[in-house]
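Read the structure below first, then the notes.
The chain is numbered in sequence order, starting from 1.
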Amino acid sequence: GKTGLGVILIEEALRAGLPVLAIDPKGDLTNLCLTFPDLSPTDFRPWIDDAQATNAGQTPDEFANSQADLWRNGLGKWELTGADIGTLRSKTDFTIYTPGSKSGVPLNIVGSLQVPADMADEEAVADEIEGYVTGLLGLVGIAADPLASREHILLSNLVHHSWGEGRALDLMTLVGMIPSPPIRKLGVFDVDQFFPADDRLALAMKLNGLLASPSFASWALGSPLDIQSMLYGADGRGRCAIVTTAHLSDEERQFVTSLLLSKLVTWMRRQSGTTDLRAMLYMDEVAGYLPPTANPPTKKPLMTLMKQARAFGVGVILSTQNPVDQEGTYRLPESQLDRFLLRISIGYPARDAEMQMLDVQGAASTMQAIGPVISIEEVRAMIAAVRCVHVAKALKSYLVDLAATSRRHPGIELGLSPRATLQLAAAARAHAASRGRNYATPDDVKAVGHAALCHRIVVRAEHGSQLSSADAISEVFDAVAVPV
């Protein structure tokens with residue numbers, strides 16, 4: 001599933017020497033630490049579920065043997081061995097952080113209000129404060145709007161005031177400042193007028209109750225939250241920092257994750273711009289942290305990372321599954337749809353094929369029989385062959401005319417972009433190469449036209465019930481003369 005694919009992506013990044021920050025709300029990514037270079041059954045045995053072995057009709061020792069063989073054979077199909085696992089283990093420092101718990105490496109969340117290294121970046125500073133304060137108030141049941149909540153405005157100003165004077169904070173100090181703030185005004189109003197003393201004391205008491213709870217003591221344990229030291233060791237080598245929040249409540253997860261992401265944004269903006277990857281963020285089960293309508297404290301830093309991380313060499317991989325009340329994935333905006341080369345609908349299988357699926361899948365799992373069907377060298381050779389396919393000037397003119405016609409079509413609100421023209425040419429080249437030709441023809445363009453173009457246009461709303469995107473593309477092709 002998606003978690004298995006995520007583990008593969010993380011391992012490949014680590015093999016390439018990239019540091020990885022993995023946020024793990026379910027606890028699945030801790031399996032990255034289960035690396036067995038010898039691929040010995042005795043390595044697998046402590047992790048074998050006896051019930052699973054029984055269901056497989058084997059003893060636990062037999063099941064451990066079968067799992068070792070499964071891993072060895074599976075890796076072998078990709079030309080990997082236990083030595084590759086050993087190399088990954090020796091060159092990578094894996095650390096499992098468990099904020100609010102001593103089951104892993106504790107992370108001091110309470111004392112994470114260190115003064116940012118670059119206070120000149122006001123936007124980054126404001127975002128980090130907002131993430132911390134919003135998450136903190138969420139822990140005590142206050143859903144605070146950063147622009148309207150008195151609690152949020154007061155706490156944010158207290159943090160900013162201390163940072164402006166070069167003083168770091170912890171949560172205890174921050175709570176102690178609430179009854180008698182070291183600032184006189186909030187906006188144009190006096191503090192007592194904006195937020196009366198009795199109300200401030202009530203807020204301080206509520207936060208103090210959080211601090212006084214014995215279960216909250218572990219939140220102050222461990223090293224302070226510092227992205228640089230989490231991503232890089234003292235020798236400069238990249239690390240794998242797995243921050244698991246599976247043991248926390250929903251409010252606590254939001255608090256930890258928003259603070260972690262805000263710290264990452266601040267760290268990222270201190271780096272120089274680059275076109276190369278320098279680090280990777282992987283976050284599983286992101287749906288609850290980046291919902292389409294609500295605005296939890298994690299949403300803003302995630303959106304910032306999605307927009308800006310690439311420019312600073314930080315790769316962002318977000319993983320989720322459809323919420324239970326959704327029939328499909330959320331609709332992508334047109335600018336993102338335009339980046340997909342082809343959209344192909346395979347439909348349902350024929351009756352005989354579906355019967356065969358039931359027979360094969362019912363007898364045994366076919367997953368173990370899956371292996372590579374093509375080598376990297378063959379893929380590279382095919383790419384090279386496609387690039388050598390000639391596109392005549394007349395055919396290029398045909399492609400440009402198709403795009404221009406789509407932009408003038410009365411039923412199309414958003415016509416084909418220049419990227420669509422480039423992608424249609426690439427698809428036509430590939431079609432020609434698959435037919436054994438080193439030149440493309442108008443027939444190649446038409447053969448891939450609907451798959452390459454239908455998802456790139458937007459039909460006008462008033463025509464939507466009578467005109468589909470496929471019909472519109474057909475009309476575009478009919479309206480443009482084919483070069484001879």
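Taking the side chain to side chain contact (heavy atoms under 4.5 Å, CB included) definition, one finds that R408 meets it with A404, T405, sequence neighbours left out. In this view, L342 and I344, A427, A451, A452 satisfy the side chain to side chain contact (heavy atoms under 4.5 Å, CB included) rule, not counting sequence neighbours. Listed by chain and residue number, I48, D50, P60, D61, A64 satisfy the side chain to side chain contact (heavy atoms under 4.5 Å, CB included) test with R45 (two or more places apart in sequence, or in another chain). Y282 meets the ring-ring contact (aromatic ring centres under 6.0 Å, His included) test with no other residue; sequence neighbours excluded. With sequence neighbours excluded, no residue forms a salt bridge (charged side-chain N to carboxylate O under 4.0 Å, His left out) with R89.
Residues in residues 412-425 take part in these salt bridge (charged side-chain N to carboxylate O under 4.0 Å, His left out) pairs, two or more places apart or across chains: D338-R419. Within the structure, salt bridge (charged side-chain N to carboxylate O under 4.0 Å, His left out) contacts touching residues 179-194 (residues at least two apart or in different chains) are K185-D190, D192-R200. Listed by first and then second residue, the salt bridge (charged side-chain N to carboxylate O under 4.0 Å, His left out) pairs involving residues 214-242 are D93-R239, D235-R237 (not counting sequence neighbours). Applying the ring pair (Phe, Tyr, Trp, His ring centres under 6.0 Å) test to pairs two or more places apart or on separate chains, those with a residue in residues 198-254 are F216-W219. Listed by first and then second residue, the salt bridge (charged side-chain N to carboxylate O under 4.0 Å, His left out) pairs that reach into residues 142-155 are R150-D199, sequence neighbours excluded.
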Q: Report the C-alpha distance between L337 and R456 in whole Å, list the side-chain angles of each, state the deciding distance to 0.1 Å, and finish with yes or no for side-chain contact (heavy atoms from CB on, under 4.5 Å).
A: CA-CA 6 Å; L337 284 173; R456 301 176 189 273; over 6 Å; no

(Q) Walk me through whether L467 and R460 qualify under side-chain contact (heavy atoms from CB on, under 4.5 Å). (A) CA-CA 9 Å; L467 184 70; R460 294 189 184 278; over 6 Å; no

Q.
Applying side chain to side chain donor-acceptor pair (under 3.5 Å) to S468 and D471, what does each step give before you reach the verdict?
A. CA-CA 5 Å; S468 67; D471 293 335; 3.1 Å; yes

Q. Given F36 and W71, is the side-chain contact (heavy atoms from CB on, under 4.5 Å) satisfied, shown in steps?
A. CA-CA 10 Å; F36 308 132; W71 278 74; over 6 Å; no

Q.
Set out, in order, the CA-CA distance, both residues' side-chain angles and the distance that settles side chain to side chain donor-acceptor pair (under 3.5 Å) for Q254 and T298, then state yes or no.
A. CA-CA 7 Å; Q254 286 285 347; T298 51; 3.2 Å; yes

Q: Before giving the answer on side-chain contact (heavy atoms from CB on, under 4.5 Å), spell out for S218 and L221 the whole-Å C-alpha distance, their side-chain angles and the decisive distance to 0.1 Å.
A: CA-CA 5 Å; S218 57; L221 299 176; 4.1 Å; yes

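A 4.5 Å side-chain heavy-atom check between I242 and C33 finds at least one atom pair inside the cut-off. At least one side-chain heavy atom of K91 sits less than 4.5 Å from a side-chain heavy atom of T87. The closest side-chain heavy-atom distance from L21 to V243 is below 4.5 Å. Contact check for I153 versus L147: no side-chain heavy atoms found under the 4.5 Å cut-off. Residues L155 and I178 form a side-chain contact, since some pair of their non-hydrogen atoms from C-beta on lies under 4.5 Å apart. Residues M283 and T257 are in side-chain contact: their nearest non-hydrogen atoms beyond the backbone lie under 4.5 Å apart. Between S258 and K263 there is no side-chain heavy-atom pair separated by less than 4.5 Å.
Note: T54 OG1 to F63 CZ = 10.0 Å, rounded to the nearest 0.5 Å. From M230, atom CE reaches atom CG of L107 across 5.5 Å, with rounding to the nearest 0.5 Å. Separation of atoms CD1 (I317) and CE (M280) is listed at 4.0 Å; rounding is to 0.5 Å. To the nearest 0.5 Å, atom CE of residue M268 and atom CG of residue L264 are 7.0 Å apart. Atoms OG and CD1, on S90 and I85 in that order, are 12.0 Å from each other to the nearest 0.5 Å. Taking OG of S103 as the start and OH of Y97 as the end, the distance is 14.0 Å to the nearest 0.5 Å.
Smallest separation of non-hydrogen atoms from A472 and I457: CB-CD1, 3.9 Å. Annotation for P99 and I109: closest pair CB-CG1, 3.8 Å, computed over non-hydrogen atoms. Closest non-hydrogen pair, V476 versus S406, comes out as CG2-CA, 3.9 Å.
H152 and T134 are linked by a side-chain donor-acceptor pair at a separation below 3.5 angstrom, with hydrogens and angles left out of the test.
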Listing, residues 1-20 side-chain donor-acceptor contacts under 3.5 Å, not counting sequence neighbours, or none:
from: K2; atom 1: NZ; to: D284; atom 2: OD1; distance (Å): 3.1
from: K2; atom 1: NZ; to: E285; atom 2: OE2; distance (Å): 2.6
from: T3; atom 1: OG1; to: D284; atom 2: OD2; distance (Å): 3.4
from: E12; atom 1: OE2; to: R15; atom 2: NH1; distance (Å): 3.1

Show the atom names and distances, to 0.1 Å, of all donor-acceptor pairs under 3.5 Å that link a side chain in residues 302-316 to residues at least two apart or in another chain.
from: T304; atom 1: OG1; to: K300; atom 2: O; distance (Å): 3.0
from: Q308; atom 1: OE1; to: R269; atom 2: NE; distance (Å): 3.2
from: Q308; atom 1: OE1; to: R269; atom 2: NH2; distance (Å): 3.2

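In this structure, the ring of Y132 has its center less than 6.0 angstrom from the ring center of F255.
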